[in-house]
Amino acid sequence: MTTLYDEAARRRKELMQQMEPNSIALLCAAPLATRSNDTEYLYRQSSDFYYLSGFVEHDAVLALIPGRAQGEVVLFCQEKDKTRELWTGVLMGPEKAIKKLKIDDAFPIGDIDDILPGLLEGRERVYYSMGKDPRFDQRVMDWVKIVRGKARQGAQPPGEFLVLDHLLNEMRLLKSAREIKLMEKAGAISAQAHKRAMAICEPGRKEYELEAEIVHEFMRSGSRAPAYNNIVAAGKNACILHYIENDSTIKDGDLVLIDAGCEYEYYAADITRTFPANGKFSKEQKALYEICLDAQLQAIAAVKPGASWDAPHNATVEVITEGLVALGLLKGDVKTLIKSEAYKDFYMHRAGHWLGIDVHDVGDYKIDGKWRLMEPGMVTTIEPGIYVAPDNTSVDKKWRGIGIRIEDDVLVTRTGHRVISEGAPKTVEEIERFMAQSRACAVA
Ligand code: GLY
Ligand code: MN
Ligand code: MN
């Protein structure tokens, strides 16, 4: 099977083929982020850096220099250092990096100011992700300044700066067979985690107790961390789209919305399930849930090659608006309500986003001002929601405070699509049956 490093090498080649003549690309590793005083957050490599190298250490810079006779791929990284490694862990070091990452050359990061200006010399264009990290912006400018300073000795500084993102984003948007396998694994682990949270849920528990089940399942399955701040929102908390406090007590009669996905070998899953805390949907909860589920299924059905990126979203808007009119939460003609976006009081986000190394992955949604068409290898989430604000006095009291979202991850295939996040109960019947069985097991 293709390894991460083989794949990264192939990507570098592909990227270099697309770069303008006589150019250089510079990528900076993610900085280590301080949490407080001298403790740091768990380190995660920048997605682009990982994508092109597989290298997971901080304090590193990658230079791609197509056509350079002495080597096209140069890495700057931390040197081996026994004392430092004793405190903060084993470093790969330049020597090993050359072999392992299949690159042409590697130097200590401490030497970068002496070496990098020489790599810029004579290159007309510099690709990098400008404006993302002010410190790196400054360093690039400093290196250019060094080359300018040598202009009288004949050194030619680069004159053009280009964003690297567009070329890279388009590559990242189309997933390889290896990437799809990793995303399927992330999906399977996350679905299992949802099942565990659902199984132990009962009124009286804290939301974070369910989160603990989820994180436990992630880590015991090989995921080091969630792909994003996971949401466990009971009752009206589900109407706060990015609720992450997860510290309320779950009450009898609440719906519980869990939006949780793991990161597995740098690939994200993003799954949402909504279920009744006591194992049984109320009449109102069930009515809204069925609309949301129907919207999700119809949107998933709209995922196929050649379909507009907007098609699944439009499907959700139609189903939700029709459903809300049928239940009396919206009043009027469905077409007019869609046109006036009246549904946005209840469904205020879009139906999905690209998924990959980032949970909200890169890739344009529009090309030349028009929604792009889906292609095999793209992965999108499909996640309609219905949220009735607790203070929405335009609807009957019985609906207020109900928040529902159902989210799955969908791969565009050559013939249509494949849901890669299956495994957690989703229909009303499946959820009620699963929760009843879990309770029976717990009592037995
Ligand atoms: N979990 C973030 C999202 O669903 O977009
Ligand atoms: Mn989500
Ligand atoms: Mn999502």
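Counting starts at 1 for both ligands and their atoms, following the listed order. Along the sequence shown, the residues carry numbers beginning at 1. Quick caveat, the model's predicted, so the values are computed rather than measured.
Environment of NZ in Lys175: crowded, with over 12 heavy atoms of neighbouring residues, nucleotides or ligands closer than 6.0 Å. Crowding of Arg10 atom CZ: a count of heavy atoms from other residues, nucleotides or ligands under 6.0 Å exceeding 12.
For the Mn ion (ligand 2), the N/O/S atoms of Glu383 include none lying under 2.8 Å. The Mn ion (ligand 3) has an N, O or S atom of His353 inside 2.8 Å of it.
For ligand 1 and Glu407, the ligand atoms under 4.0 Å from any heavy atom of the residue are 4 (O). Under a 4.0 Å criterion applied to the non-hydrogen atoms of His353, ligand 1 contributes the atoms 3 (C), 4 (O), 5 (O). Here is the list of ligand 1 atoms found below 4.0 Å of a heavy atom in Asp259: 1 (N), 2 (C), 3 (C), 4 (O).
Taking the six-membered ring where the residue is Trp, Phe55 and Phe49 present tilted rings, their angle falling between 30° and 60°. Between Tyr343 and Tyr347, the ring-plane angle classifies as tilted under the 30° and 60° cut-offs.
We find the CD1-OH distance between Ile214 and Tyr208 to be 15.0 Å, quoted to the nearest 0.5 Å. Considering OH of Tyr127 and CE of Met16, their distance stands at 12.5 Å, rounded to 0.5 Å. Note that CD1 of Ile231 is 5.0 Å distant from CZ of Arg405, once rounded to the nearest 0.5 Å.
Here the N, O or S atom of Asp270 that is nearest to the Mn ion (ligand 3) is OD2. When the N, O or S atoms of Glu407 are ranked by distance to the Mn ion (ligand 3), OE2 comes first.
Here the protein heavy atom with the shortest distance to atom 3 (C) of ligand 1 is Asp270 OD2, 3.3 Å. The nearest protein atom to atom 5 (O) of ligand 1, hydrogens excluded, is given as His360 NE2, 2.7 Å; this is a heavy-atom distance.
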